[in-house]
2 protein chains.
Amino acid sequence: MHQSGDIVKKLAEQGYRLTPQRMMTISAIEKSDGHISAEEIYAQVITKYPQVNISTVYRTLELLKKLGLVTETDFGEGRVRYHPAGKGHHHHLVCQDCGAIIDLGEAVLAPLKNDLLREYGFSADLRHLAIFGRCVNCNK
Amino acid sequence: MHQSGDIVKKLAEQGYRLTPQRMMTISAIEKSDGHISAEEIYAQVITKYPQVNISTVYRTLELLKKLGLVTETDFGEGRVRYHPAGKGHHHHLVCQDCGAIIDLGEAVLAPLKNDLLREYGFSADLRHLAIFGRCVNCNK
DNA sequence: TTTCGTGCAAACCCTTTGCATTTGC
DNA sequence: GCAAATGCAAAGGGTTTGCACGAAA
């Protein structure tokens with residue numbers, strides 16, 4: 001299992017500086033159980049460190065993406081959300097009516113992934129895929 | 001089967017005005033076999049009708065979406081692409097390496113759609129879904 | 001004629017960038 | 001000390017909006 005501090009450790013290992021801005025950005029991402037946007041990270045960091053700039057948050061996110069430490073999911077909101085890569089992958093059902101987000105284990109899409117590989121030679125990256133539609137309640 | 005003019009007909013039926021700007025926007029969408037972006041529609045319309053404004057294209061697209069006459073696909077380019085709803089649905093495999101887009105029949109995702117409905121009561125809208133990954137060639 | 005649609009320009013949102021300054025190591 | 005990272009402010013890309021003018025029915 002992965003524990004808190006993983007991301008910081010990897011940054012340090014690779015020779016990146018552990019600035020307070022980076023630490024707090026990472027902490028916000030790790031604390032968020034679900035998915036967090038750049039704005040939300042910024043809002044959280046600024047309460048403890050009022051002089052941060054949102055561009056620093058974006059730069060940190062880009063670094064973490066590059067290093068494969070966080071992944072992005074697009075929920076079709078016009079902005080992207082971030083998730084620690086170490087926390088395991090999952091997929092999401094996004095209700096277009098009520099906005100509910102239902103988490104889906106990796107297993108559910110495993111058959112699809114296999115089909116695509118077998119039939120098309122296509123290696124699908126389904127990490128944090130968002131599937132849109134209507135949830136049970138809104139479907140009634 | 002659907003034929004050219006479907007969209008125009010439906011607009012008229014619902015009492016919307018058939019302005020040249022709308023006709024040409026619709027024509028651009030219907031002519032494009034694949035998926036077309038707002039900018040591309042605009043570029044096409046402006047050659048025949050130089051005074052159009054891109055905001056009119058956007059307003060037309062919004063109207064057509066509202067009426068269910070076009071659907072959108074997000075290929076992760078930071079912009080959305082449009083497709084006539086009447087032309088039948090399909091899905092896409094988008095190669096993150098070479099940018100290739102492989103079309104996928106509706107049948108391939110039918111099992112997934114059924115699974116989601118049965119197991120989660122979730123009615124997935126998979127029209128023009130884009131799945132990211134690596135195509136056969138880039139996978140070697 | 002009268003409501004609907006358009007052009008224009010400005011604003012919008014999220015994200016990125018150039019540059020001078022600061023800071024971790 | 002010095003490269004790396006930050007803050008600031010401005011620009012960027014795609015999209016939306018307010019308002020007065022123009023045109024479809």
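Here is the naming used below: chain letters follow the sequence lines, and residue numbers restart at 1 for every chain.
- Ring geometry for A:His35 against A:His83 counts as parallel: the plane angle stays under 30°, on a 0 to 90° scale with 60° as the upper cut.
- Cluster annotation: B:Ile54 is connected to B:Met23 through the hydrophobic network of ILVMFWY side chains, with a link wherever side-chain heavy atoms come within less than 4.5 Å.
- With respect to A:Arg81 and A:Glu40, a salt bridge is recorded, a charged nitrogen being found less than 4.0 Å from a carboxylate O.
- Whole-Å rounding puts the A:Gln51 CD to C:dT23 P distance at 9 Å.
- B:Gln14 has its CD atom 15 Å from the P atom of C:dC4, to the nearest Å.
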Inset, instruction - Apply side-chain contact (heavy atoms from CB on, under 4.5 Å) to the pair B:Ser37 and B:Val80, showing each step before the final yes or no. - result: CA-CA 6 Å; B:Ser37 71; B:Val80 129; over 6 Å; no

Inset, instruction - Could you run through nucleotides 14-19 of chain D and give me one letter per nucleotide, 5' to 3': B if any protein heavy atom sits under 4.0 Å from the base, S if only the sugar-phosphate is that close, - if neither? - result: SSBBB-

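- Formation of a donor-acceptor pair under 3.5 Å by the B:Thr56 side chain with backbone atoms of B:Val52 is not found in this model.
- Under a hydrophobic clustering in which Ile, Leu, Val, Met, Phe, Trp and Tyr are joined whenever their side-chain heavy atoms come within less than 4.5 Å, directly or via other members, A:Tyr16 and A:Val45 fall into the same cluster.
- Taking side-chain N and O atoms only, A:Gln21 has a distance below 4.0 Å to OP1 or OP2 of D:dG7.
- One atom, OH of A:Tyr42, and another, C1' of D:dG7, lie 10 Å apart when rounded to the nearest Å.
- Without hydrogens or angle criteria, B:Arg22 side chain to B:Arg17 main chain gives a donor-acceptor distance under 3.5 Å.
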Table of protein N/O atoms under 3.5 Å from nucleotides 21-25 of chain D N/O atoms:
from   : atom 1 : to      : atom 2 : distance (Å)
D:dA24 : N3     : B:Arg17 : NH2    : 3.4
D:dA25 : OP1    : B:Leu18 : N      : 3.2

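- A salt bridge is defined here as a Lys NZ or Arg NE, NH1 or NH2 lying under 4.0 Å from an Asp or Glu carboxylate O, and B:Lys65 with B:Glu72 meets this definition.
- For A:Phe75 and C:dC14, the CZ to P distance is 16 Å, given to the nearest whole Å.
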